[in-house]
Trainee: 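Right, I'll just put the structure down here and ask away after.
Note: hydrogens, waters and symmetry copies are ignored here, and every other heavy atom, side chains too, is used. Chain A is the first sequence line, chain B the second, and so forth, proteins listed ahead of strands; every chain is numbered from 1.
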Protein chains: 2
Amino acid sequence: MQQTFDEICSKLAEKEYKVTPQRKIILKAFLDNVDSHLSAEDVYGIVKIQHPEIGLATVYRTLELLADLSILQKMNFGDGRSRFEFSETEAHHHHHHLICVSCGKVTEFEDDLLESLETAIAKKSGFKIIDHQLKFYGFCGKCQ
Amino acid sequence: MQQTFDEICSKLAEKEYKVTPQRKIILKAFLDNVDSHLSAEDVYGIVKIQHPEIGLATVYRTLELLADLSILQKMNFGDGRSRFEFSETEAHHHHHHLICVSCGKVTEFEDDLLESLETAIAKKSGFKIIDHQLKFYGFCGKCQ
DNA sequence: CTTAGTGCAAAACCTTTGCAACTCT
DNA sequence: AGAGTTGCAAAGGTTTTGCACTAAG
């Protein structure tokens, strides 16, 4: 994943954003937890262990920046805070979320299978669709 | 829509919830705005005009109650507050949301077309799916 | 150097809660 | 009458902001 890290740093530099240690640290926290859906507080908790001087506001500002750049995607799973994951729009590597209404666990489903629906909707609605987000609610294996 | 109003009132009464004037007023506000996606504050603004004595907390509590009873569905469109619309789970009358990333407008797309995908995912994942929610992000006609 | 970025604390929001008063059933 | 409901105000939790200081380019 080192490759991706450098790529993202370059992306920041290209757009005249400064590549600060704090931004690197926060980005690294995400790369170390690719399959989690971290909230700002989660990230803060992770980075504080090794870098206790980082402020929560910096975490919020960095996450917002990375989301603006479409590097991260802000999500909402109904627990009252925003959660972030790597945006996979460009990579066309979409996945869906399965949210257990009993225990709250969020798992991912790795197929997309929505391309034809997307073009159909785009044609009918006049929207130029650039992304989608599909959540399923139900009971996970444990909770059934 | 009068019919639906009475139906919902009966549903409340059946479950031993009291059919108070406040609950009726809030429900009516929703029936008068079926195609909006009202936030608690939106509802509060609407009902306060004719019933200034209603408290915001009552609005929140009523919306939560109606969502618990699956009469309303709590949604999130990324603007920092919850929004509600009539739940159409039981009627199998699903629709998707098209969210314009430029102007924020939310429109609805009335076909579901997701049944086969849902059963496929249920089979593969072991989840017992009871509902889904699909959002498309893009540019609306005006903003393109 | 210069301007963007940081840390801290305070403020701003949205939402929930405690409690006394009230009112459906 | 009695349990559930309300309104108000206060508290809670998340996110944003102001500001002096710091550091990346």
Side-chain angles (χ1 to χ4, degrees), chain A residues 6 8-29 37-69 71-84 104, chain B residues 6 8-29 37-69 71-72 74-84:
Chain A
D6 290 342
I8 294 170
C9 289
S10 307
K11 208 165 176 178
L12 283 175
E14 273 170 33
K15 309 226 167 162
E16 315 268 75
Y17 291 109
K18 292 180 178 169
V19 182
T20 65
Q22 289 89 338
R23 287 176 177 171
K24 287 188 192 172
I25 290 162
I26 291 167
L27 188 51
K28 215 166 274 171
H37 306 95
L38 302 177
S39 68
E41 201 76 44
D42 290 340
V43 174
Y44 185 53
I46 292 169
V47 301
K48 236 189 352 189
I49 296 167
Q50 305 218 39
H51 306 271
E53 73 285 0
I54 283 191
L56 179 56
T58 300
V59 174
Y60 273 101
R61 285 186 282 231
T62 302
L63 295 181
E64 195 192 349
L65 173 64
L66 294 174
D68 283 351
L69 296 177
I71 293 165
L72 294 181
Q73 186 168 14
K74 193 192 261 192
M75 320 229 60
N76 190 295
F77 296 119
D79 63 347
R81 73 209 65 187
S82 295
R83 298 186 167 279
F84 295 81
Chain B
D6 290 341
I8 294 170
C9 288
S10 307
K11 208 164 176 177
L12 283 174
E14 273 170 33
K15 309 225 167 162
E16 315 271 75
Y17 291 109
K18 292 181 178 168
V19 182
T20 65
Q22 290 90 337
R23 287 177 178 169
K24 285 188 190 171
I25 291 162
I26 291 167
L27 188 51
K28 215 166 273 171
H37 306 95
L38 302 177
S39 67
E41 202 76 43
D42 291 341
V43 175
Y44 185 53
I46 293 169
V47 301
K48 235 188 354 188
I49 297 168
Q50 306 218 40
H51 305 272
E53 72 283 0
I54 283 191
L56 179 57
T58 300
V59 174
Y60 272 102
R61 285 186 282 231
T62 301
L63 296 180
E64 195 192 348
L65 173 63
L66 294 174
D68 283 352
L69 296 177
I71 293 165
L72 294 180
K74 194 191 261 191
M75 318 229 61
N76 190 294
F77 297 118
D79 62 349
R81 74 211 62 192
S82 294
R83 298 186 166 276
F84 295 81

Trainee: Output the rounded distance in Å from CD1 (B:Ile26) to P (D:dT5).
Mentor: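 My rounded result for the distance is 13 Å.
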Trainee: Distance check needed: C:dC14 P versus A:Asp79 CG, whole Å only.
Mentor: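 My rounded result for the distance is 18 Å.
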Trainee: Is A:Tyr60 near enough to D:dT16 that one of its side-chain N or O atoms lies under 4.0 angstrom from OP1 or OP2?
Mentor: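 A:Tyr60 to D:dT16 OP1/OP2: no side-chain N or O under 4.0 Å.
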Trainee: Rounding to an integer number of Å, can you tell me how far A:Phe77 CZ sits from D:dT14 P?
Mentor: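 From A:Phe77 CZ to D:dT14 P: 17 Å.
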Trainee: For atom OH of B:Tyr17, is the number of surrounding heavy atoms from other residues, nucleotides or ligands below 6.0 Å larger than 12?
Mentor: no
Trainee: Let me spell it out: for each of A:Arg83 and B:Pro52, pick the nucleotide of DNA chain D with the closest heavy atom. Which residue's pick is nearer the 5' end?
Mentor: B:Pro52
Trainee: Tell me whether the side-chain N or O atoms of A:Lys18 pair up with the base of D:dA23 as donor and acceptor below 3.5 Å, since no angle test is needed here.
Mentor: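 Between D:dA23 and A:Lys18, which were checked side chain against base, a qualifying N/O pair under 3.5 Å is absent.
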Trainee: When you match A:Leu65 and B:Val19 each to their closest nucleotide on DNA chain C, which lands nearer the 5' end?
Mentor: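 By nearest-heavy-atom nucleotide position, the 5'-most residue is A:Leu65.
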Trainee: Considering only side-chain heavy atoms of B:Arg81, which listed nucleotide, C:dG7, D:dT15, C:dT15, is closest?
Mentor: C:dT15
Trainee: Is the shortest side-chain heavy-atom distance between B:Ile25 and B:Gln50 below 4.5 Å?
Mentor: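 Side chain of B:Ile25 against side chain of B:Gln50, heavy atoms only: no contact under 4.5 Å found.
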Trainee: Could you check how far CG of B:Leu38 sits from P of C:dC14, rounded to whole Å?
Mentor: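 It works out to 15 Å between those atoms.
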Trainee: So, is B:Thr20 close to the D:dT6 phosphate, meaning a side-chain N or O under 4.0 Å from OP1 or OP2?
Mentor: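 It does, given that an N or O in the side chain of B:Thr20 lies less than 4.0 Å from OP1 or OP2 of D:dT6.
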Trainee: Given D:dT16, is OP1 or OP2 found less than 4.0 Å from the side-chain N or O atoms of A:Arg61?
Mentor: no
Trainee: If each of B:Ala57 and B:Arg23 is mapped to the nucleotide of DNA chain D with the nearest heavy atom, which maps nearer the 5' terminus, i.e. the 5' end?
Mentor: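 Per heavy-atom nearest nucleotide, the more 5' residue is B:Arg23.
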Trainee: D:dT16 P sits how many Å from A:Tyr44 OH, rounded?
Mentor: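 Result: 16 Å.
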Trainee: Measure CD/A:Glu53 against C1'/D:dT22 and give the value in whole Å, please.
Mentor: 13 Å
Trainee: Can you tell me the distance, in whole Å, between the CG atom of B:Leu56 and the P atom of D:dG7?
Mentor: 11 Å
Trainee: For A:Gln22 and C:dA4, give me the distance from atom CD to atom P, rounded to whole Å.
Mentor: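 Those two atoms, CD and P, are 17 Å apart.
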Trainee: Are B:Ser39 and C:dC14 close enough that a side-chain N or O sits under 4.0 Å from OP1 or OP2?
Mentor: no
